[in-house]
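Single-structure report; data block below.
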Amino acid sequence: MTNHQIIEILNEIAELLEVKGENKFKIRAYQKLSRFLSSYPYELKDIYKEKGIKGLTEIQNIGEGIAKKIAELIDSGKLTYLEELKKSLPENLEMLLKIPGMGPKTAFLLGDKFKIKTISQLEKFLLSGKLREVKGYGPKIEEKLLKGIELYKKGEKRKLLGEAYPIAYKIINILKDKVKIDYIAPVGSLRRMEDTVGDIDILAVCDDKKKLMDTFTSLDFVDSVIAKGEKKSSVHLLEGIQADIRVFNKDEIGAALQYFTGNKEHNVLIREIAVKKGFTLNEYGLYKGKKKIAGEKEEDIYKLLGLSYIPPELRLGADEIKLAAENKIPQLVDLKDIKGDFHIHSNYSDGRDDIETLAKEAIKRGYSYIAITDHSQSLKVAHGLSIQRIKEQMQKIDKLNKKYKDKVLILKGIECDILQDGTLDYSDDVLQNFDFVIGSVHTNFKMNKKEMTERILKAMDNKYLKSIGHISGRMINMREPYELDYGAIFDKAAKNNIALEINAQPERLDISDIYIKEAIKYGVKFTIGTDAHIFESFDYIIYGVGKARRGWATKDDIINTYSVEKILKWMK
DNA sequence: GCCGTTTTCGGCCCGACTGTTTTCAGTCG
Ligand SMILES: Nc1nc2c(ncn2[C@H]2C[C@H](O)[C@@H](COP(=O)(O)OP(=O)(O)OP(=O)(O)O)O2)c(=O)[nH]1
Ligand SMILES: [Mg+2]
Ligand SMILES: [Mg+2]
Ligand SMILES: [Zn+2]
């Protein structure tokens, strides 16, 4: 029973309780825990095995009630409570609830009174016009639900951060072009730099609100308008994702950002603090009675609530608020601190560009160094480098380093396969010639937790290894990560002075940010690498930095912030 | 169902849009 599975079950319980019309705070408790666990770095089953129920209740948002249920799930794989809950309700409600526009009330009505169990039954029912006979329902609702079914059938998944970000900026640039806008920015999960986003949230400040909304809802790539008001509109895009916009006045921008950045749990906790202090907080401002006491700047709101500023990436509703109250939010690493990129492929292996092109791009970005890290010999599909090719590449790099002396330093790197037995893909007398060796697993993924951990730990005995590439092997939405004993790896990484890579490819984002904070406690350092195969992908660095920030990393934790002198020393 | 240096019981965020209403419920942010 993985955390992932437990999260799904908690969500299912919350949904069913909603349909039952249960106490909404009880429902919130399940939702809150579910969200909390999605960024929790330890497996509950390990904690339960070690410390029992008591270990579980020590975790934030888990009390006696849910601890017992989790224990039953781990012990037996089943949950009597959920089974009973399902029995007491119409079948297949979960499916109905996934239809956009269908909430708990309507789903219950359809399941209970009209015995609807399948999508095709629902379609027939809606087309028959029988729903409008129920008080409170009419033809527009039937239509809306039919549209919801079409959307549901598309089965759209959450988009990768790296897919959604460019779409958000496409929208922003068009709007800026067509309407006079004072401020516009991506917010929600995009601003928090989550791995994936459920929709694109945009916040704007603009005088001509009507024109902005007209423009937004009539963009070329809008395929349906879900809602359109003067403060808020929602559309669905051809790209297969929803976009929400909210428009505010200038003096509300701080409160608006605070609200629209979220996450929801963070907002609720912040608003609770406001209430305790005798204030109210909404998206327009912080109020003491009728009097507005903050709203222009996010910082002011946090400050008046007795908190230091909390960067968006940390706003999870976990422990960031407590730490802000104690003034213990660290100065996080920033994009402007980054001096180089530690994972780049050239046309020597499976990259598109020659090394000189890559070096020029690095110079353009103001980098001090880049590491060229092509694939190693056994990875034939990616044209892994033979020993002869390594020699040629090194000579080439020497030449370029002469040519671009004082402009950028090209590091002789390699992304060396960690073979099934934990040895590296070249012998030490080859590896010793590189400045920077990444060890990556690209083959034989189907090993259990113990075997895969041992494989990686073994590789870490090699004194030339400097960083572990994309450690979990996950491909977001496509391939699950393999299980690892992260504690053992962090421990050895810190002791052997081996960094972990934050791979910034949108589909990888690996090591996952939920582990970074833990690793830092062990003293582990990180190299951020875009894994670029074309120079345009140097852009992915923003996602890498975002992940580092979500892991509470400071400048010191990230090797890419070091000067040339310092990295040369570190690589020795 | 969870939580707490004021509380172990009584709190638990607040608002926009739509469709159906003649005052508001439902859904979503
Ligand atoms: N105060 C408050 N704010 C909310 C609530 N629901 C959403 N928000 C705010 C915080 C969210 O980050 C923001 C955008 O909502 P979304 O539903 O788009 O969620 P978010 O972008 O966080 O995640 P997503 O990737 O879209 O699933 O709106 C709520 O119930 N109360
Ligand atoms: Mg969102
Ligand atoms: Mg949204
Ligand atoms: Zn790789």
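As a basis for the values below, the full set of heavy atoms in this structure was taken, side chains included, without hydrogen atoms, waters or symmetry mates. Below, read A as the first sequence line, B as the second, and so on, with proteins coming before strands; counting in each chain starts at 1. Remember, predicted model here, so these are calculated numbers, not experimental data.
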Exercise. Base, sugar-phosphate, or nothing for T280(A), non-hydrogen atoms under 4.0 angstrom?
Worked result: sugar-phosphate

Problem set entry | Distance in angstrom units between K98(A) NZ and dT27(B) P, rounded | 16 Å

Exercise. What does N23(A) touch in the nucleic acid at a heavy-atom separation under 4.0 angstrom: a base, only the sugar-phosphate, or nothing?
Worked result: base

Problem set entry | Pair K547(A) + D510(A), salt bridge at N-O below 4.0 Å | no

Exercise. With a 4.0 Å cut-off on heavy atoms, is K68(A) in touch with a base, just the backbone sugar-phosphate, or nothing at all?
Worked result: nothing

Exercise. Under 4.0 angstrom, heavy atoms only, what part of the nucleic acid is N61(A) near: base, sugar-phosphate, or nothing?
Worked result: sugar-phosphate

For this session: Report yes if a side-chain nitrogen or oxygen of K144(A) is closer than 4.0 Å to either non-bridging phosphate oxygen (OP1 or OP2) of dG26(B); otherwise report no.
Result: no

Exercise. Looking only at atom P, what distance separates dT18(B) and dC13(B), rounded to whole Å?
Worked result: 26 Å

Seminar exercise, completed: Taking dC14(B), dG26(B), dG1(B) as options, the one with an atom nearest any side-chain atom of V275(A) is dC14(B)

Exercise. Does K232(A) place a side-chain N or O at less than 4.0 Å from the phosphate oxygens OP1/OP2 of dA16(B)?
Worked result: no

For this session: If the plane angle is over 60° it's perpendicular, under 30° parallel, otherwise tilted; pick one for Y30(A) and Y81(A).
Result: parallel

Exercise. Reckon I270(A) touches a base, only the sugar-phosphate, or nothing at all at heavy-atom distances under 4.0 Å?
Worked result: nothing

Exercise. Is the backbone of K159(A) close enough, under 3.5 Å, to the side chain of E163(A) for a donor and an acceptor to pair up by distance?
Worked result: no

Exercise. Are OP1 or OP2 of dG19(B) and a side-chain N or O of R132(A) less than 4.0 angstrom apart?
Worked result: no

Problem set entry | Spacing of the P atoms in dT21(B) and dA16(B) (rounded, Å) | 24 Å

Exercise. For atom P, what is the distance between dG26(B) and dT20(B), given to the nearest Å?
Worked result: 14 Å

Distance-only check: which donor-acceptor pairs under 3.5 Å involve side-chain atoms of residues 96-116 of chain A, not counting sequence neighbours?
residue	atom	partner	partner atom	Å
T106(A)	OG1	Y137(A)	OH	3.0
K115(A)	NZ	D112(A)	O	2.8

For this session: Would you mind telling me which of dT27(B), dT20(B), dC13(B) lies closest to the side-chain atoms of R271(A)?
Result: dC13(B)

For this session: Counting Watson-Crick and G-U wobble pairs only, both distances under 3.5 Å, name the nucleotide matched with dT8(B), or none.
Result: none

Seminar exercise, completed: Per atom distances to the F260(A) side chain, the nearest of dT18(B), dT20(B), dG29(B) is dG29(B)

Problem set entry | Rounded C1' spacing from dC2(B) to dT8(B) in Å | 12 Å

For this session: Output the single nucleotide from dA16(B), dG1(B), dG26(B) whose closest atom is nearest the side chain of K231(A).
Result: dA16(B)

Problem set entry | Closest nucleotide among dC2(B), dT27(B), dG15(B) to the I66(A) side chain | dC2(B)

Exercise. According to a strict under-4.0 Å criterion, is Y287(A) in side-chain N/O contact with OP1 or OP2 of dG15(B)?
Worked result: no

Exercise. Would E194(A) and R192(A) pass as an ion pair if we require N to O under 4.0 Å?
Worked result: yes

Seminar exercise, completed: Winner on side-chain proximity to F25(A), out of dG29(B), dC12(B), dC17(B), is dC12(B)

Exercise. Between I62(A) and N282(A), who's closer to the 5' end of DNA chain B by nearest nucleotide?
Worked result: I62(A)

Problem set entry | P atoms of dT5(B) and dG1(B), separation to the nearest Å | 23 Å

Exercise. Which is true for K228(A) with a 4.0 Å heavy-atom rule: it touches a base, it touches only sugar-phosphate, or it touches nothing?
Worked result: sugar-phosphate

For this session: Describe the nucleic acid contact of Y259(A) in one word from base, sugar-phosphate, nothing, applying a heavy-atom distance below 4.0 Å.
Result: base

Exercise. So what does L33(A) touch, heavy atoms closer than 4.0 Å: a base, only the sugar-phosphate, or nothing?
Worked result: nothing

Exercise. NZ of K135(A) versus C1' of dG26(B): gap in Å, rounded?
Worked result: 13 Å

Exercise. When you measure from the side chain of E283(A), which nucleotide among dG1(B), dA16(B), dG26(B) comes out closest?
Worked result: dA16(B)

Exercise. Is Q242(A) near enough to dG29(B) that one of its side-chain N or O atoms lies under 4.0 angstrom from OP1 or OP2?
Worked result: yes

Problem set entry | Check: L44(A) main-chain N/O paired with N3(A) side-chain donor or acceptor under 3.5 Å | yes

Seminar exercise, completed: Quick note, I141(A) side chain, CB onward, closest among dG19(B), dC17(B), dC12(B) is dG19(B)

Exercise. Say you pick atom C1' in dG11(B) and the same atom in dT6(B); how far apart are they, in whole Å?
Worked result: 14 Å

Exercise. Taking CG from L97(A) and C1' from dG26(B), how many angstroms apart are they, rounded to a whole number?
Worked result: 13 Å

For this session: Starting from P on dC17(B), measure out to NZ on K140(A) and report it in whole angstrom.
Result: 17 Å

Exercise. How is S233(A) classified with respect to the nucleic acid when contacts are heavy atoms under 4.0 Å: base, sugar-phosphate, or nothing?
Worked result: nothing

For this session: Answer yes when K147(A) and E150(A) have at least one side-chain N-carboxylate O distance shorter than 4.0 Å, and no when they do not.
Result: no

For this session: Flag the pair E83(A) and K78(A) as a salt bridge only when some basic side-chain nitrogen lies within less than 4.0 angstrom of an acidic carboxylate oxygen.
Result: no

Exercise. For K264(A) and dG15(B), what is the distance between atoms NZ and P respectively, to the nearest whole Å?
Worked result: 15 Å

Exercise. Say you pick atom C1' in dT7(B) and the same atom in dC12(B); how far apart are they, in whole Å?
Worked result: 14 Å

For this session: Could you check L281(A) against Q60(A) and say which one's nearest nucleotide on DNA chain B is further toward the 5' end?
Result: Q60(A)

Exercise. Rounded to the Å, how far apart are Y284(A) OH and dG29(B) P?
Worked result: 16 Å

For this session: Whole angstrom is fine here: how far is it from CE in M213(A) over to P in dA16(B)?
Result: 12 Å

Exercise. Which whole-number value in Å describes the distance from K276(A) NZ to dT6(B) P?
Worked result: 11 Å

